[in-house]
Trainee: 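Mind looking over this structure? Questions follow.
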Amino acid sequence: KYDVMSSVVGTDLIGRVETLLKKLSISSPFTGKPLKEKNKIIEETLSSGSTAANPKKIERQDVEFILNELFNS
């Protein structure tokens with residue numbers, strides 16, 4: 001899907017977003033913050049109706065990966 005979206009915008013989509021974030025001095029408000037109750041967040045995410053409705057099956061490691069990216073970027 002990223003390839004299709006990249007072809008629509010005419011450049012690598014992820015690279016373009018990263019460039020825009022740098023140009024606009026936008027950083028994640030989570031970076032460097034402590035991740036409290038990680039297991040609770042993961043369990044609530046996995047049991048969420050919106051997660052269950054996602055066409056891609058979401059596993060514990062998927063949620064953990066996203067949380068790690070948010071808090072360690």
Side-chain angles (χ1 to χ4, degrees):
K1 292 182 181 181
Y2 287 111
D3 290 337
V4 172
M5 293 172 68
S6 292
S7 68
V8 170
V9 296
T11 188
D12 174 58
L13 185 63
I14 295 173
R16 181 68 178 140
V17 169
E18 289 172 346
T19 299
L20 287 172
L21 290 173
K22 286 179 186 175
K23 279 186 175 183
L24 297 171
S25 299
I26 298 173
S27 60
S28 170
F30 304 110
T31 301
K33 302 282 191 216
L35 176 54
K36 298 177 183 177
E37 301 186 37
K38 183 177 183 177
N39 288 327
K40 183 177 179 181
I41 294 169
I42 291 171
E43 293 306 318
E44 287 182 12
T45 301
L46 293 173
S47 65
S48 166
S50 60
T51 301
N54 193 322
K56 179 189 181 291
K57 182 166 174 44
I58 305 299
E59 304 284 343
R60 180 179 186 83
Q61 61 267 21
D62 298 319
V63 179
E64 191 164 4
F65 173 80
I66 292 170
L67 289 172
N68 289 336
E69 287 293 306
L70 285 172
F71 284 86
N72 298 318
S73 295

Trainee: Can any side-chain N or O of Thr51 pair as donor or acceptor with the backbone N or O of Thr45 at less than 3.5 Å?
Mentor: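 Pair found, side chain donor or acceptor close to backbone of Thr45.
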Trainee: Do Glu43 and Arg60 pass the side chain to side chain contact (heavy atoms under 4.5 Å, CB included) test, and can you show the C-alpha distance, the side-chain angles, and the key distance before you say yes or no?
Mentor: CA-CA 8 Å; Glu43 293 306 318; Arg60 180 179 186 83; 2.7 Å; yes
Trainee: Looking at Glu44, is its backbone amide N or carbonyl O close enough to the side chain of Ser48 to form a donor-acceptor pair, meaning the two atoms are under 3.5 Å apart?
Mentor: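 It does not hold such a pair.
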Trainee: First locate atom CG of Asp12, then atom OG of Ser7, and finally report the distance between them rounded to the nearest 0.5 Å.
Mentor: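 Interatomic distance, Asp12 CG to Ser7 OG, rounded to 0.5 Å: 11.5 Å.
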Trainee: Quick check: do Phe65 and Glu69 have side-chain heavy atoms less than 4.5 Å from each other?
Mentor: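 Heavy-atom side-chain distance check passes, below 4.5 Å.
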Trainee: Test side chain to side chain contact (heavy atoms under 4.5 Å, CB included) on Leu67 and Ile42 and set out the steps.
Mentor: CA-CA 9 Å; Leu67 289 172; Ile42 291 171; 3.8 Å; yes
Trainee: Report whether Val9 and Tyr2 are members of the same hydrophobic cluster (ILVMFWY, side-chain heavy atoms less than 4.5 Å apart, transitive linking).
Mentor: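 Shared cluster, yes.
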Trainee: Should Asp62 and Lys56 count as an ion pair when the cut-off is N to O under 4.0 Å?
Mentor: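 Answer for the salt bridge query: yes.
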Trainee: Please give me the minimum heavy-atom distance between Met5 and Leu13, naming the atom from each residue.
Mentor: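 Heavy atoms of Met5 and Leu13 come nearest at CE-CD2, 3.5 Å.
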Trainee: Just wondering, do Lys22 and Val17 contact through their side chains at under 4.5 Å, heavy atoms?
Mentor: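 A side-chain contact under 4.5 Å is absent here.
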Trainee: Looking at Phe30 and Phe71, what are the two nearest heavy atoms and their distance?
Mentor: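 What the structure gives for the nearest pair is O-CD2, 3.5 Å.
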Trainee: Can you get from Ile14 to Leu70 by hopping between Ile, Leu, Val, Met, Phe, Trp and Tyr side chains that sit under 4.5 Å apart?
Mentor: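 Result: no, two separate clusters.
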Trainee: Side-chain contact, heavy-atom cut-off 4.5 Å: Leu35 with Asn72?
Mentor: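 Leu35 vs Asn72: side chains apart.
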